[in-house]
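Each remark here refers to the structure printed beneath this line.
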Amino acid sequence: MFKLTWLQFTLLNSLLIVALNFNLFHFVYEKSSQNFFITLSFILIYFGFVHTIFSLIFIKYLSKFFSIFFILASFLSIYFISFYGILIDSNMIQNAMQTDVKEVEDLINFKLIVTIVLALICIIYILKVKIDYKSMKSHLKTKFINIFLGLVFVFAIFFPLSKTFIPFARNYNEIRMYNTPFYQIYALYRYYILFVQAKPQFKAIENDAYKDDNHTKKILVLVVGETARAANYSLDGYTKNDTNFYTKKDNVVFFTQVSSCGTATAVSLPCMFSVSKRIHFSNKEYQENVIDILNKSGVDVSWIDNNSGGCKGVCNRLKQKIQLSSGYDEDLLDPLKNKLNKLSTQNIIVLHLQGSHGPAYYKRYPKEFKKFNPTCDTNDLSKCSEDALVNTYDNTLLYTDYILSHIISLLKEKKGYQSSLLYLSDHGESLGKDGIYLHGMPYAFAPSTQTHIPMIFWSNDNEFMNLAKKHKNLKLSQDNLFSTLLGYFDIRTHIYESNYDLFNPKLKANP
């Protein structure tokens, strides 16, 4: 059993949390043009700030609880910030809460194990320490002196440099997200407010929608990809690897300027089907989406899912839904074929892929699609060369491309139907540039590779194909999906917007 005074325990925790914030200090150093004096001043201010907070909240019976909570949150946060460049906000916490066992297994590697072991060593030490609080009067005196001196220390350094630090904080608002573990605790609170609190009554947004055409036989296969970025599509001029070897033979149309609604599936998937545009969308929405409107308007709606996170509530009210848990997206084709053999007059079939979900990209395609070599056959991306990592990621895109081409072949076999395929990814991906991996960065300063997504269209209807070719270079986004689906099935409703319909001559570029 170790023994520390309350002051020693508080100082030890303050120093540990400051040491674990090396990502924060590196950010300040780089953004201040590598100014050592500014960085050192910031570190001292930060220490004073942390010590003041701990002096305030470390009280008898709760000191160890707060200490362990802060240490565990800090170690987990710095792991993802350091090795993947991921900044943890409420949306990222939602993604984590919806992660299944398979995704967790893909994240486990030696570095994560070492991080957890280090955290456990600190926690075990904290549990074994005996904190000497002395008498109540003496403890309170020490506590208030530390709070007072901490504040004096902070302001004594901050005020002379306020003309530097205040504009710095405004110019680099994202600095708060590196503040471990305090921002992550705030993000957890935001997660509770946005996603856990009881939802209001479900809202119907449309009660007068109807189909203007009930006779034309139609099939639309809507394929929602996962983690595909437009930057690596050969249909868009990418030359390193031919990632669209299959669909380019099908004369598909590639839309060149399409943006996602978010940088994580938990945001993008419900947002793209929502009536709300990206700037107004909130995950707190609890109302009908375009799938609901199509369904109650008489369109035969099916949802077939192979994404471990499911449909994020979009398909909850459908009767025809299938959830797979397959290693490869090719297994979606059998239930698709079954549905194509049991069609109604007008049909939409949504396929939700696991696509290019990382970091275990090498698990997303069978060995016969290991076309681009060398590859990165590990989930510890820092061990791989840039060339190997990109090749592995490109193999996932090629595999998805093969599946899309196969779906087009199935649609060509359906005679007498106006058949179409529309593919778009939920969001993009970072592959190590500037030390950033995966996705989920806050939208305001996410790299374009996380927000610029591929969108592909094919149809046996010449009018649709000609309009798609005409519109392919417009600035578009997932905001276009809502009215496009309504327009495809000739749904008449006041919430339809012709200037957002991909296949309407009145389509306009997004603002």
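Looking at N146, its side chain does come within 3.5 Å of a backbone N or O of T142 through a donor-acceptor pair. Without hydrogens or angle criteria, R190 side chain to D89 main chain gives no donor-acceptor distance under 3.5 Å. Using modelled atom types, one side-chain atom of Y443 and one backbone atom of S260 make a donor-acceptor pair closer than 3.5 Å. Between the side chain of Q8 and the main chain of T5, a donor-acceptor pair closer than 3.5 Å is present.
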**Asked** Please walk me through it: do N510 and N480 pass side-chain hydrogen bond (donor to acceptor under 3.5 Å, both in side chains)?
**Response** CA-CA 8 Å; N510 282 193; N480 291 94; 3.2 Å; yes

**Request:** Check the pair N306, S325 against side-chain hydrogen bond (donor to acceptor under 3.5 Å, both in side chains), reporting the backbone distance first and the verdict last.
**Result:** CA-CA 6 Å; N306 192 41; S325 183; 6.0 Å; no

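A 6.0 Å sphere centred on OH of Y186 holds no more than 12 heavy atoms belonging to other residues, nucleotides or ligands. Within 6.0 Å of atom CD in Q320, more than 12 heavy atoms from other residues, nucleotides or ligands are found, so the atom counts as buried in its surroundings. The number of heavy atoms from other shown groups lying within 6.0 Å of CZ (F202) is above 12. Crowding of Y189 atom OH: a count of heavy atoms from other residues, nucleotides or ligands under 6.0 Å not exceeding 12.
Between D236 and T256, the side chains place no donor N or O within less than 3.5 Å of an acceptor N or O (distance only, hydrogens not considered). For the 3.5 Å distance criterion, the side chains of Y399 and E330 qualify, holding a donor opposite an acceptor. T265 and E226 share a side-chain donor-acceptor pair at under 3.5 Å. Residues S326 and D331 bring a donor and an acceptor atom of their side chains to less than 3.5 Å of each other. With no hydrogens or angles considered, no side-chain donor-acceptor pair links H439 and Q450 at under 3.5 Å. With hydrogens and angles left out, the side-chain atoms of N21 and Y46 include a donor and acceptor closer than 3.5 Å. With 3.5 Å as the limit, one finds no donor-acceptor pair spanning the side chains of T375 and T392. When only modelled atom types and interatomic distance are considered, S276 and E285 share a side-chain donor-acceptor pair under 3.5 Å.
A salt bridge does not link K277 with D479: none of the charged nitrogens is closer than 4.0 Å to a carboxylate oxygen.
Relative ring orientation between F168 and Y172 is described as tilted, the plane-to-plane angle lying within the 30° to 60° band. By the 30° and 60° cut-offs, the orientation of the rings of Y29 relative to H26 is tilted. Ring geometry for F70 versus F58: interplanar angle under 30°, hence parallel rather than tilted (30 to 60°). Between Y125 and F2, the ring planes are tilted. Angles from 30° to 60° get that label.
When each of K296, K203, R317 is checked for a side-chain hydrogen bond (donor to acceptor under 3.5 Å, both in side chains) with E288, only K296 meets the rule. None of N395, N232, D394 except one satisfies the side-chain hydrogen bond (donor to acceptor under 3.5 Å, both in side chains) rule with N241; the exception is D394. Remark: of the listed residues Y361, Y233, Y362, Y361 is the sole one forming a ring-ring contact (aromatic ring centres under 6.0 Å, His included) with Y393. Here the options are L431, I453, T451, the test is side chain to side chain contact (heavy atoms under 4.5 Å, CB included), and the partner is R229; only L431 passes. Under the side chain to side chain contact (heavy atoms under 4.5 Å, CB included) test applied with I45, the options F155, F165, F153 reduce to a single match, F165. Between D377 and the choices K370, K383, K363, the salt bridge (Lys or Arg N to Asp or Glu O under 4.0 Å) rule is met once, by K370.
D380 CG to K111 NZ: the interatomic distance, rounded to the nearest 0.5 Å, is 4.0 Å.
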